[in-house]
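First comes the structure, then the notes that go with it.
Chain identifiers are assigned alphabetically (A, B, ...) following the order of the sequence lines, protein sequences preceding nucleic acid strands; residue numbering begins at 1 within each chain. All values below were derived from every heavy atom in this structure, side-chain atoms included, with hydrogens, water molecules and symmetry-related copies excluded.
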Protein chains: 2
Amino acid sequence: MVAKKRVTLADVARLAGLSSTAASMILTGRPDTRLSAEAHARVHAAAASLGYRPNVAARALRTDKSRSIAFISDYVATTRFASGLIRGALAAADAAGHVMLVLETGGEPAREVQAVQAALDRQVDGIIFAAMRAREVFVPDLAIPAPVVMLNGTSARFPTSVLPDEYAGGRLAVELLVEAGAAQSSVLLGHNAEEERGLFRSESIARRLAGIRDAMAEHGLEFEAELSCWNWEPGHGYELVRKLLETRRPRSILCLNDRLAFGAYQAIGEAGLAIPAGIGLVSFDNDELASYLRPGLTTIGLPHEQMGREAVRLLLETSRPESETLVPMPLLRRGSLPAG
Amino acid sequence: MVAKKRVTLADVARLAGLSSTAASMILTGRPDTRLSAEAHARVHAAAASLGYRPNVAARALRTDKSRSIAFISDYVATTRFASGLIRGALAAADAAGHVMLVLETGGEPAREVQAVQAALDRQVDGIIFAAMRAREVFVPDLAIPAPVVMLNGTSARFPTSVLPDEYAGGRLAVELLVEAGAAQSSVLLGHNAEEERGLFRSESIARRLAGIRDAMAEHGLEFEAELSCWNWEPGHGYELVRKLLETRRPRSILCLNDRLAFGAYQAIGEAGLAIPAGIGLVSFDNDELASYLRPGLTTIGLPHEQMGREAVRLLLETSRPESETLVPMPLLRRGSLPAG
DNA sequence: TGCATCTGCTAAAACCATTTAGCAGGGATG
DNA sequence: CATCCCTGCTAAATGGTTTTAGCAGATGCA
């Protein structure tokens, strides 16, 4: 057996009895070439019969396009949501005939520089910078001769960004409470006004809270209490709500994420209260948890998959909006809120 | 401003006053070249001062190596574990100076073919086929002139694979029950002997159960009951355990995954029993859930991150074992089992 | 002196596709 | 009849690197 070489454009051209110039123009589908219909047919037939696949490296060398994009993130999977961003981006890239390089930097500047260079070295057609914590994202101070889209974060250098519409999401949470008739006696779990003056760890959360506060104000409402903690883990939600229930019995809790809500469920169960009859909950993120709880947790989801898709769409477009694209947050109605 | 062109090897050579042949040999670190120490110094200095970066496409064209690998999976993130595989692989690839293309096929043969071709077109140095459900994995019937490693799955065509050591994990679960003094009266949650005769959805689970059954037999033990369901979701665990507790009070439950265990927690809580005093649990997967529960769930984890890392290591090695590499499953001791 | 060997380096080919410039032949136009 | 344009195609340059083959001069040895 002779080792089979890769089939090249020249092979196709030879079989079709034409020059490789002709074969190239036909296969790349150039518009205003003057090659005959018969030439077209012969080249396509030859390519098909040989199973010709263009050499991407050769093409990239000549054209500086590689039909691939880079997805550079600080942490891919440290947060359980990240995979949604990747999955959406992957699907959109695939649909557009592109391939996606995934790079992780751990948030370290040195690795960020390396990642960008690795991507640039491979002539990517564009770069997505994805952040797990949406705030001003560090982008290495390198010349980047390719389109850039910020995903779930922002950057002064690159104004095109894709973010969840947290403000609208915040408002929606309050509307749900009102609709359920549980807003007059409600507790906010996660943050309090005191701390909002300081630095937010995340721009997203600032907007979420702005939406919540604006909607409350419009309804002339105030939270009965605001419980704050730094890490929004179930344990913290549990402790805060357990203490709360020693002295008060609010009609509802607005949880700033599902893990806090999970902790709240545990404390509420131990206090012998029923959800939603005794106390109603609404939350954010649509963590996998939310559907496991009994009753299911009504939550306003992070639209990560759609955001990833949107980012790729913008990246591949010829002109990009120099602004934020806000993706609506979906409402997952489950059983943790009393029916209006 | 004149548009800056990319700096090429020729530029470096010119600045160093040498031929590009010399520059190439020096920068690629060829062993037995006879270029002078001074030439080495000059070339390195020139490259550094110009900020030279080799053009990967040009290099790939010439050498057929691209310093990139492909990670092709059926589903990236549909299961919450997948990201661990990716993260581990990414870290190992990065450490080896490689970049990783991620491709998703949804398990559809047509997309699998496309994914493999897309990878091959880009001259990847190797391919990892990752499966979320570990059984015989479909691999497109294409000539693949690159190393292949199967990750969390197996294939007749490609014998190098990386799998969790489920058999040992299964045995360990039983040992834990025995050590806790809770094995004499135990219930298996997830499968029963009846169904094991049929087709397993997953080879992993078959091995896990084999480990469990062997260890039980060695201790001369049998399960008091075996509860079976097709989907291992919290809801099913809840229902099965709720019914169980109407008639029996076992000392422990061996859950085949953490979501079932989560359902079991809910049912146990409702029945007014305490964990671990009244009933002990041990489980598998180390789902994020496991640490949120109160008390924490003792579970035998899927070592996905390490598996991903291992797969890349094998892929990049010059010779690969034609066999399975089993990665040990870590024990996460938390509070759901009584102390010995 | 003659010949082989070593040292330090370079010219040019090769990898494969895209693209620019242009050629031969035929028909239309003035 | 000379000129121009149109049709259908091709030769050759280009992109940036690696690699093969080989050159000129110096040194070693007889």
Side-chain angles (χ1 to χ4, degrees), chain A residues 3-44 46-47 50-68 117 120-123 125 145, chain B residues 3-44 46-47 50-68 117 120-123 125 145:
Chain A
K4 264 183 202 159
K5 298 284 297 174
R6 209 176 200 293
V7 11
T8 86
L9 184 64
D11 299 330
V12 173
R14 200 170 311 123
L15 180 59
L18 289 167
S19 68
S20 27
T21 308
S24 171
M25 297 206 280
I26 288 170
L27 290 177
T28 52
R30 271 230 195 162
D32 45 355
T33 174
R34 292 182 307 245
L35 294 161
S36 65
E38 207 219 314
H40 279 256
R42 284 217 310 274
V43 167
H44 280 122
L50 294 177
Y52 170 70
R53 305 232 88 215
N55 181 320
V56 175
R59 182 178 282 178
L61 184 57
R62 191 71 238 269
T63 61
D64 252 46
K65 304 239 155 296
S66 58
R67 297 197 77 74
S68 60
Q117 291 198 326
L120 258 26
D121 287 351
R122 283 161 182 87
Q123 267 114 315
D125 298 343
Chain B
K4 265 183 201 159
K5 299 284 297 173
R6 210 177 200 294
V7 11
T8 86
L9 184 63
D11 299 331
V12 173
R14 199 171 309 122
L15 180 60
L18 290 166
S19 67
S20 28
T21 306
S24 171
M25 298 206 280
I26 288 170
L27 289 176
T28 52
R30 270 233 195 158
D32 45 356
T33 173
R34 293 181 308 247
L35 294 161
S36 66
E38 209 220 313
H40 278 256
R42 285 219 309 277
V43 167
H44 280 122
L50 293 176
Y52 169 70
R53 306 230 88 216
N55 180 320
V56 175
R59 183 177 282 180
L61 183 57
R62 189 70 236 267
T63 61
D64 249 49
K65 304 238 155 297
S66 59
R67 296 197 79 71
S68 59
Q117 291 197 326
L120 258 26
D121 286 350
R122 282 160 182 88
Q123 267 113 317
D125 298 343

Pick base, sugar-phosphate or nothing for [X], based on heavy-atom distances below 4.0 Å to the nucleic acid.
{"X": "S24(A)", "value": "base"}
{"X": "A23(A)", "value": "nothing"}
{"X": "R59(B)", "value": "sugar-phosphate"}
{"X": "T21(A)", "value": "base"}

Between [X] and [N], is there a contact of a side-chain N or O with OP1 or OP2 at under 4.0 Å?
{"X": "R62(A)", "N": "dA13(D)", "value": "no"}
{"X": "Y52(A)", "N": "dC16(C)", "value": "no"}
{"X": "T28(B)", "N": "dT17(D)", "value": "no"}
{"X": "S36(A)", "N": "dC9(D)", "value": "yes"}
{"X": "T8(B)", "N": "dG16(D)", "value": "no"}
{"X": "R6(A)", "N": "dC15(C)", "value": "no"}

With the side chain of L18(B) defined as its heavy atoms from C-beta on, choose the nearest nucleotide among dT10(C), dC9(D), dC16(C).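 Given the options dT10(C), dC9(D), dC16(C), the side chain of L18(B) is closest to dT10(C).
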Should N55(B) and T8(B) count as side-chain neighbours, where that means a heavy-atom distance under 4.5 Å?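 No, side chains not in contact.
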Examine distances only and state if a side-chain atom of [X] and a backbone atom of [Y] form a donor-acceptor pair shorter than 3.5 Å.
{"X": "S20(A)", "Y": "A23(A)", "result": "no"}
{"X": "R6(A)", "Y": "R53(A)", "result": "yes"}
{"X": "R42(A)", "Y": "A16(A)", "result": "yes"}
{"X": "D125(A)", "Y": "S66(A)", "result": "yes"}

Give the rounded distance in Å between these two atoms: [atom1] of [X] and [atom2] of [N].
{"X": "L35(A)", "N": "dT10(D)", "atom1": "CG", "atom2": "P", "value": "8 Å"}
{"X": "R30(B)", "N": "dT19(D)", "atom1": "CZ", "atom2": "C1'", "value": "6 Å"}
{"X": "M25(A)", "N": "dA12(D)", "atom1": "CE", "atom2": "P", "value": "16 Å"}
{"X": "R67(B)", "N": "dT17(D)", "atom1": "CZ", "atom2": "P", "value": "16 Å"}
{"X": "N55(A)", "N": "dT17(D)", "atom1": "CG", "atom2": "P", "value": "16 Å"}
{"X": "D64(A)", "N": "dT19(C)", "atom1": "CG", "atom2": "P", "value": "11 Å"}
{"X": "R14(A)", "N": "dT10(D)", "atom1": "CZ", "atom2": "P", "value": "13 Å"}
{"X": "R34(A)", "N": "dT10(D)", "atom1": "CZ", "atom2": "C1'", "value": "12 Å"}

Identified side chain to side chain contact (heavy atoms under 4.5 Å, CB included) partner of V43(B) from the options L9(B), L18(B), L35(B), L15(B):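 The residue from L9(B), L18(B), L35(B), L15(B) that satisfies side chain to side chain contact (heavy atoms under 4.5 Å, CB included) with V43(B) turns out to be L18(B).
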Quick one: on DNA chain C, does P54(A) or G17(B) contact a more 5' nucleotide (nearest heavy atom)? G17(B)
Considering heavy-atom distances to DNA chain C, does L61(B) or A22(A) have its closest nucleotide positioned more toward the 5' end?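 It is L61(B) whose nearest nucleotide is closer to the 5' end.
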